[in-house]
Amino acid sequence: MAKISTVKDFFMMYVDGFKTMSKTSKLLWVIILVKLFIMFAILKVFFFPNFLNSVASTEEEKAEYVIEKLIQD
Amino acid sequence: MDVALIGWSRAQFALTAMYHWVFVPLTLGLGLLMCIYSTYYYKTGDEKWKSTTRFWQKLFAINFAVGIATGLILEFEFGTNWSNYSYFVGDIFGAPLAIEGIVAFFLEATFFAVVFFGWDRVSKKFHLASTWIAVFGATLSAWWILVANSWMQYPVGMHFNPETARNEMNDFIAVAFSPVAINKFLHTVLSCWVLGSAFVVGLSSWYLLRKRHIDFSIRSIKIAAIVGLTATVLTALTGHYSGQKVARHQPMKLAAMEGLYNGKNKADIVGFGVLKSDKVYNDGKDPFVFKIDVPIPGFLSFMSFDNFNSFVPGIQDIIDGYTLSDGTVYPSYEEKAAQGKLAQQALRDYRQAMKDNDEEAKIINKAVLDENIKYFGYGFFNSPEETIPPVALTFYTFHIMVALGLFFIAFFAIVWYLNKKGTLQKVKWLLWLGVISIPLAYITSQSGWIVAEVGRQPWSIQDVLPLSHSVSNIPVANVKTTFFIFLGIFTIFLIADIGIMINTIRKGPEAVDESKGY
């Protein structure tokens, strides 16, 4: 196997690494991608919106909202 | 605020954090061992060490891949479920978490690639250096997360800006290197090394029981037992220093850890005990159904304040106010609540002065706010009972953690000794204990976090902001829904993780050696 001596070699290390991956490693990458998809495309979008953005649009309004929650009697 | 909403939001955060913590300690623990095995390979050139390194690297990779990014869900929850808290602390949390994200990404993305893909492509020296740097990067990530957590337990290096409603960092060094953060980091990372060592010893024990991969297992145990023993002793030591910080800054947590309601000089440590469930903090009754103290008089005083005769306050003392043996005076609940209400009134008046453009009133109220902000959170409570954490859960988990910590010292010492003598394989019960030590290590680690987090209730930021005012005003049904979604998704990922691990373990180190890539 060629030793790395250039930037291209370094890049090829990634390419070869991915090409020669075992079945287990490929499965792990599938798990990573599915997980990231679930987290960012489903959970974050549909279940975890930023709450303050829904009640205030500017920083001043957000500050006002939080302060009100903190100092209400 | 709706009690059910607070409860479900806490449950969801706890579920997510505990799930995340299944992966993190093994990543850091196996990471260190992987570095040491790799160093042995570099020094000796012996291919057996390479094989040992590659096998544990494979398990490391599985754990890392399934666990990666699970912590980000906690950040989602901050924005949705804990928006008041999140906004209130934004600037303090922002810096450590941003540094963590950037450093972790670049160090890990670059050097882990060399670790896994770079065998025979880079020099042995560079490969070894990459392994250490990648693991160092992962450990450094833990530093920044723990800095953020420590700040919640010991808020320093900040001031509250009443105009923006945010805490702003005014001393980065105080935040990043607070004594609480340093102790928490050392204690946590060392405990991860204990877990990683228990994992290696446990799996190697299983191979020895099955009479498979004997040379590999003995070699693995040789290093893991020493690392485990050293790390467990150091974890106990840093736990002691952490306890001393808790005694000073979170005395209620220490009192809950020991089930101590009435303080005393020459206080003892409970070795084993069962708490009464109907104890009221000021009823004067014994809180224990029965207990056995550690037979060292004044041990709790010594562990807390380095003096066997020191006064250690109990829950009632903390509520009534007390003076430590060194003369430090701690105000009562009533005094702190009065200061908290003063601070809150000053904030109201400050905001009114802002609307009225009354600069003089702003200055006066800012001064009152600054003077009393330390106990701002006490202004939210209606009774002193609200400041008491769940004592039973804190007490039992603390004692489970300590008992298992002591078990691991003895366990690693015996395993190391017998492995060195070459008789470990014959001691079947110890090998089985090794296998069982894997779940025990997880129980120890999770118990530690329960003590740290449940023991500091009801605070999200110690003395400044309680949970009741940290949560977002969202429908409780939403939180319940996402709780069960997480539970389902996490369970699937955990099953996948364990399944892939078991499959790899069954195939053994030779299968990893024979495969061309990872």
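Below, chain A is the first sequence line, B the second, and so on; all start at residue 1. Keep in mind that this is a model prediction, so the values were computed, not measured.
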B:Tyr350 versus chain A, heavy atoms under 4.5 Å apart: side chain, backbone, both or neither?
-> neither
What do the steps show when you test B:Arg166 against A:Glu59 for side chain to side chain contact (heavy atoms under 4.5 Å, CB included), and what is the final call?
-> CA-CA 11 Å; B:Arg166 303 192 108 161; A:Glu59 283 301 305; 3.8 Å; yes
Do you know which two heavy atoms are closest between A:Lys35 and B:Val66, and how far apart they sit?
-> NZ-O, 2.5 Å
Show your working on side chain to side chain contact (heavy atoms under 4.5 Å, CB included) between A:Thr24 and B:Lys58 and close with a plain yes or no.
-> CA-CA 10 Å; A:Thr24 308; B:Lys58 179 87 179 181; 3.9 Å; yes
Which bit of B:Phe78 comes within less than 4.5 Å of chain A, counting heavy atoms only: side chain, backbone, both or neither?
-> neither
Name the region of B:Glu77, side chain, backbone, both or neither, that has any atom closer than 4.5 Å to a heavy atom of chain A.
-> both
Parallel, tilted or perpendicular: which describes the rings of B:Phe76 and A:Phe40, with under 30° parallel and over 60° perpendicular?
-> perpendicular
Given side chain to side chain contact (heavy atoms under 4.5 Å, CB included), test B:Leu465 with A:Leu70 step by step and report yes or no.
-> CA-CA 9 Å; B:Leu465 189 68; A:Leu70 292 180; 3.6 Å; yes
For atom NZ of B:Lys341, is the number of surrounding heavy atoms from other residues, nucleotides or ligands below 6.0 Å larger than 12?
-> yes
Output yes when A:Asp9 and B:Arg121 qualify as a salt bridge under the 4.0 Å nitrogen-oxygen rule, no when they do not.
-> no
Check against ring-ring contact (aromatic ring centres under 6.0 Å, His included), A:Phe48 and B:Phe486 | CA-CA 12 Å; A:Phe48 286 93; B:Phe486 277 153; 5.5 Å; yes
Which bit of B:Ile500 is near chain A, if near means a heavy-atom gap under 4.5 Å: side chain, backbone, both or neither?
-> side chain
Which residue out of B:Leu347, B:Val114, B:Thr80 racks up the most heavy-atom pairs below 4.5 Å with chain A?
-> B:Thr80
Just checking, is any N or O donor in the side chain of B:Ser83 or A:Lys62 under 3.5 Å from an acceptor N or O on the other one?
-> no
Based on non-hydrogen pairs under 4.5 Å, which of A:Leu52, A:Val34, A:Leu27 is most in contact with chain B?
-> A:Leu52
For chain A, which residues of residues 492-499 of chain B have heavy atoms nearer than 4.5 angstrom | B:Phe493, B:Ala496
Find the distance between CE (A:Met39) and OG1 (B:Thr70) and round it off to the nearest 0.5 Å.
-> 7.5 Å
Please indicate whether B:Lys124 has more than 12 foreign heavy atoms, meaning atoms of other residues, nucleotides or ligands, lying under 6.0 Å from its NZ.
-> yes
Distance in Å, A:Ile71 CD1 paired with B:Gln344 CD, rounded so as to fall on 0.5 Å steps = 9.0 Å
About how many Å separate OG of A:Ser25 and CD1 of B:Ile62, when rounded to the nearest 0.5 Å?
-> 8.0 Å
Comparing B:Ile485, B:Asn503, B:Ile489 against chain A, the one with the most heavy-atom pairs below 4.5 Å turns out to be B:Ile485
Can you name the side chain to side chain contact (heavy atoms under 4.5 Å, CB included) partners of A:Glu68, sequence neighbours left out?
-> A:Glu64
Of the listed residues (A:Trp29, A:Tyr14, A:Phe10, A:Tyr65), which shares the most heavy-atom pairs with chain B below a 4.5 Å separation?
-> A:Tyr14
Does a side-chain heavy-atom distance below 4.5 Å link B:Phe116 with A:Met13?
-> no
Closest approach of A:Ala63 and B:Ala165, non-hydrogen atoms and distance?
-> O-CB, 3.7 Å
